[in-house]
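Side-chain atoms are counted along with the backbone in the values below, which use heavy atoms only and exclude waters and symmetry mates. The residues of the chain are indexed from 1 along the displayed sequence.
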Amino acid sequence: MRLEILLVMGLFFGGTFLSGHAVCHVVKVKGEGVCFPVLVGTMAWWALMEVLLVPMTMMHRSFGGFVVVYSGLLLLMVAGGLWWGRKVIRKELTEVFREAKEYLTFGHVVAMLLIGYQLYFLHHHMYLEWDDTYYVNLANEAVHSNRIYWVYPETGAFADFDKRYVLSLWPVFYAWLSKIFGVMPTIMAHTILPWVVVPLAYMVYGLIGERLFVRERELQGMFLAFVVLLHLFMSGEHTTGLTFLSITPWVGKGVLATVLIPMLFYCMMRVAKRDKKGEWMLLGLTGLGGCLLSSMGIMLTPVFVGGTICLLAWYKREFRYLLRGAAACLPCLLLGCYYLYLTR
């Protein structure tokens with residue numbers, strides 16, 4: 001299983017890194033180190049999956065057909081990253097190796113040790129809950145029945161989809177990984193996926209720390225270490241974001257709380273400092289990616305972005321922020337309207 005973990009991590013982080021460079025080139029966004037393109041690529045992967053899944057589910061397309069189309073589009077994105085970002089990638093990797101000692105402060109070392117402990121704990125003390133009978137089985141049914149959400153995961157009966165979840169099929173993401181690597185979706189979710197989601201979450205917090213404490217490497221390391229400590233020891237409630245990352249990082253609403261919402265906060269920090277078209281497109285891409293994770297993402301993204309944009313527009317005395325913020329939330333608003341249409 002260690003080999004499968006390494007292969008999935010290599011595919012995901014390598015693929016999102018190159019895809020992120022392709023997206024940055026297209027929208028003309030300037031990156032910040034190695035973690036930034038990984039996160040941009042992740043949002044692009046999730047947004048692309050959401051765009052494909054909704055119509056393919058409604059049209060009764062097969063899961064195997066989805067895997068072929070989605071994988072092909074990702075390969076094109078990765079190839080674009082290799083072509084457009086080859087010079088930038090070489091420069092970034094050279095700087096990482098050259099400035100490794102300067103970057104790794106005491107706080108960063110402590111944070112990495114704590115993250116390693118968290119991953120060790122997840123790997124050896126697995127937590128199971130009632131949601132697995134629905135969400136993880138949804139991925140199992142996709143792989144074994146070759147249908148996208150048309151087999152009810154708790155009974156195995158062929159039935160109409162549940163309208164509460166049909167627009168946010170996060171389990172199909174690790175079902176796709178399972179199909180590629182030949183690993184059962186249950187094992188992919190509980191054993192392998194935490195090695196992707198946990199580092200991804202702390203990458204976001206690392207970028208937030210760099211924005212909050214510019215040119216203060218020690219404070220950035222202390223901030224990251226403090227965030228890891230919060231996730232490890234301040235999670236007293238079963239359904240809080242801190243708990244999700246510690247015990248159930250494969251659950252869609254957990255990824256929404258620990259990766260997507262902090263990423264939205266980071267995007268808002270970028271928009272507040274640099275009012276460029278590409279930054280707003282990145283914000284919209286992140287919101288669309290959040291729609292895949294949970295149906296709550298369809299609602300929470302406009303609420304979070306809308307509230308923040310209102311404060312930013314009031315502070316800057318610029319009405320255009322409201323219009324651009326509404327445009328960034330447009331994918332979520334459209335999906336929200338479609339959800340109301342399905343449930344009326």
For Arg211, what residues pass the salt bridge (Lys or Arg N to Asp or Glu O under 4.0 Å) criterion, not counting sequence neighbours? Glu32
List in chain and number order the residues that pass salt bridge (Lys or Arg N to Asp or Glu O under 4.0 Å) with Glu210, two or more places apart in sequence or in another chain; answer none if no residue qualifies. none
Enumerate donor-acceptor pairs with a distance under 3.5 Å from any side-chain N or O in residues 329-339 to protein atoms, sequence neighbours excluded.
none

Flag side-chain contact, heavy atom, 4.5 Å: Val198 against Ile115: yes
Minimum side-chain heavy-atom gap Met281-Val29 below 4.5 Å: no
Output side-chain donor-acceptor pairs under 3.5 Å for residues 60-67, partner residues at least two apart or in another chain, one line each.
residue : atom : partner : partner atom : Å
Ser62   : OG   : Gly65   : N            : 3.0

Between Trp250 and His190, is the ring centroid distance below 6.0 Å? yes
Just grab all the side chain to side chain donor-acceptor pair (under 3.5 Å) pairs involving residues 302-311, residues at least two apart or on different chains. none
Side chain to side chain donor-acceptor pair (under 3.5 Å): pairs with one or both residues in residues 275-286, sequence neighbours excluded: Arg270-Glu279, Arg274-Glu279, Asp275-Trp280, Asp275-Arg320, Asp275-Arg324
Run the side-chain hydrogen bond (donor to acceptor under 3.5 Å, both in side chains) test against [X] and tell me which residues pass, sequence neighbours left out.
X      : value
Trp46  : none
Asn140 : Asn137, Thr186
Thr301 : none
Glu50  : none

Can you list every pair that meets salt bridge (Lys or Arg N to Asp or Glu O under 4.0 Å) and has a residue in residues 306-315, with sequence neighbours left out? none
Heavy-atom closest contact (Val136 atom, Ala189 atom, distance): CG2-CB, 4.3 Å
Could you check whether any side-chain N or O of Tyr202 sits under 3.5 Å from a backbone N or O of Met112, counting only pairs where one atom can act as donor and the other as acceptor? no
Table please: side-chain donor-acceptor pairs of residues 171-183 below 3.5 Å, with sequence neighbours left out.
residue : atom : partner : partner atom : Å
Trp176  : NE1  : Ser71   : OG           : 2.9
Ser178  : OG   : Tyr174  : O            : 2.7
Ser178  : OG   : Val183  : O            : 3.4

Near Lys316 NZ, under 6.0 Å, is it more than 12 heavy atoms from other residues, nucleotides or ligands? yes
